[in-house]
Amino acid sequence: MQTVETIRNMQHRVRAVQCDGKRIGLVPTMGYLHEGHLSLIRLARAHADFIVASLFVNPKQFGPGEDFDRYPRDPARDICLLEAEQVDVLFCPSTEEMYAPGHQVYVTESDVSHTLEGESRPGHFEGVLTVVAKLFLAVQPDVAVFGRKDAQQLWLIRKMVRDLNFPIEVVEGPTVREPDGLAMSSRNAYLKGAVREQAACLSRALREAARLCAEGEHNAYRLRKVMMDVTTAAPDARIDYIAIVDRETFAPVTMVRGPALALLAVRFGATRLIDNMELETEDPA
Ligand code: AMP
């Protein structure tokens, strides 16, 4: 695996790959890799010949007082894992390389980016879309792979690709979970002891909503109430939001009449976890 640290070298490297007629796949990450990330690399491999993984903890997507400084990092371990997956290039720019002094241009979305995660974390999605656009321009992939774990982020990246005409196919991977249902996340490293056990309440609440919805409960208020009850059964859980949205528009729904998504964000002390699950209904739309 080759390690590339500058945008110029990255662009130079992919030009040679493109000349060979190879399809380039990009998997952006913030490192501290787990099976969820590795599943996306395997998925990229199924869609491309030359795999670039990026490792960049993007300061622009963390708000003041959030966990940028203490975000878990272990680049030596990440490199071993990426080598074992036969990744071709690791792109790991420094903050100064990605954001040269005087950087002023950002990518914003003016609707869905202000809801849910965007409401709890102002500026978060501007940081995400800006860094993803910059990674797209550095790596110029044919296909980029993202996880459904970050469903709103995925929706907004698809929107950016459409609205700005990036010639990139977006591929999504399913959420990889721990045996008790907790969605894998680098931030799970913050969870210790009893709180780690309680954290399974997010997926439990989502599974319960999905089950009830499949059985015919389509009232979003009642589905959210059930999710709230399951979540608050964990004594240290503090709900940030619980929402049910249309999968196409990401707008909140009052009745589940077509493909929908249940989402929640829950705090355990200083640790904030998110998760989501698809809701299916047999009803005609
Ligand atoms: P992150 O390093 O947290 O920025 O995540 C990098 C990519 O991995 C994003 O596309 C995430 O949606 C994805 N991802 C994170 N956790 C999981 C998971 N448990 N299963 C599948 N994909 C994930």
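Ligands are counted one by one from 1 in listed order, and the atoms in each one are counted from 1 as well.
In this structure, the protein non-hydrogen atom closest to atom 20 (N) of ligand 1 is Val176 N, 2.9 Å. Considering only non-hydrogen protein atoms, atom 4 (O) of ligand 1 sits nearest to Met30 CG, 3.5 Å. The protein heavy-atom contact nearest to atom 6 (C) of ligand 1 is Pro28 O, 3.3 Å. Looking from atom 11 (C) of ligand 1 to the surrounding protein, the closest heavy atom is Asp150 OD2, 3.0 Å. Closest to atom 13 (C) of ligand 1, if we only count protein heavy atoms, is Leu40 CD1, 3.5 Å.
For atom 23 (C) of ligand 1, the candidate residues are Arg187, Lys149, Gln153; the nearest heavy-atom contact is made by Lys149.
You'll find the side chain of Asp67 reaches within 4.5 Å of the side chain of Arg187, heavy atoms only.
Summarising the geometry of Arg148 relative to Thr175, their closest heavy-atom pair is C-OG1, 3.7 Å, with the distance given to 0.1 Å. Here the closest non-hydrogen pair linking Ile244 and Ala260 is CG2-CB, 4.2 Å.
For the pair Asp246 (side chain) and Ala251 (backbone), a donor-acceptor distance under 3.5 Å is absent. Between the side chain of Gln152 and the main chain of Glu117, a donor-acceptor pair closer than 3.5 Å is present. Checked by atom type and distance alone, the side chain of His218 pairs as donor or acceptor with a backbone atom of Cys213 at under 3.5 Å.
Neither the backbone nor the side chain of Val27 comes within contact range of ligand 1; no heavy atom lies under 4.0 Å. Here Ser185 has no heavy atoms under 4.0 Å from ligand 1, in either its backbone or its side chain. Residue contacts with ligand 1 for Glu35 are absent, since no atom lies close enough (heavy atoms, distance under 4.0 Å). Contacts between Pro174 and ligand 1 below 4.0 angstrom, taking non-hydrogen atoms only, involve the backbone exclusively. Within the 4.0 Å heavy-atom criterion, the part of His37 lying near ligand 1 is the side chain and not the backbone.
When each atom of ligand 1 is checked for a heavy atom of Gly147 under 4.0 Å away, the hits are 9 (C), 10 (O), 11 (C), 12 (O), 13 (C), 22 (N). Close contacts of ligand 1 with Thr175, meaning ligand atoms under 4.0 Å from a residue heavy atom, involve 19 (N), 20 (N), 21 (C). Atoms of ligand 1 lying under 4.0 Å from any heavy atom of Gly36, numbered from 1 in the order shown and given with element: 18 (C), 20 (N), 21 (C), 22 (N). Less than 4.0 angstrom separates some heavy atom of Phe146 from each of these atoms of ligand 1: 10 (O). Each of the atoms 16 (N), 17 (C), 18 (C), 19 (N) of ligand 1 lies under 4.0 Å from some heavy atom of Met184.
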> Going through the distances and angles, do Tyr32 and Asn188 end up as a side-chain contact (heavy atoms from CB on, under 4.5 Å)?
Replying inline: CA-CA 11 Å; Tyr32 210 72; Asn188 292 353; over 6 Å; no

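Here CG of Leu90 is found 8.5 Å from CD of Glu5. Values are rounded to the nearest 0.5 Å.
Annotation for Glu215: atom CD counts as buried by contact number, over 12 foreign heavy atoms lying within 6.0 Å.
Between Phe146 and Phe136, the angle of the ring planes goes over 60°, which puts this pair in the perpendicular group of the 30/60° scheme.
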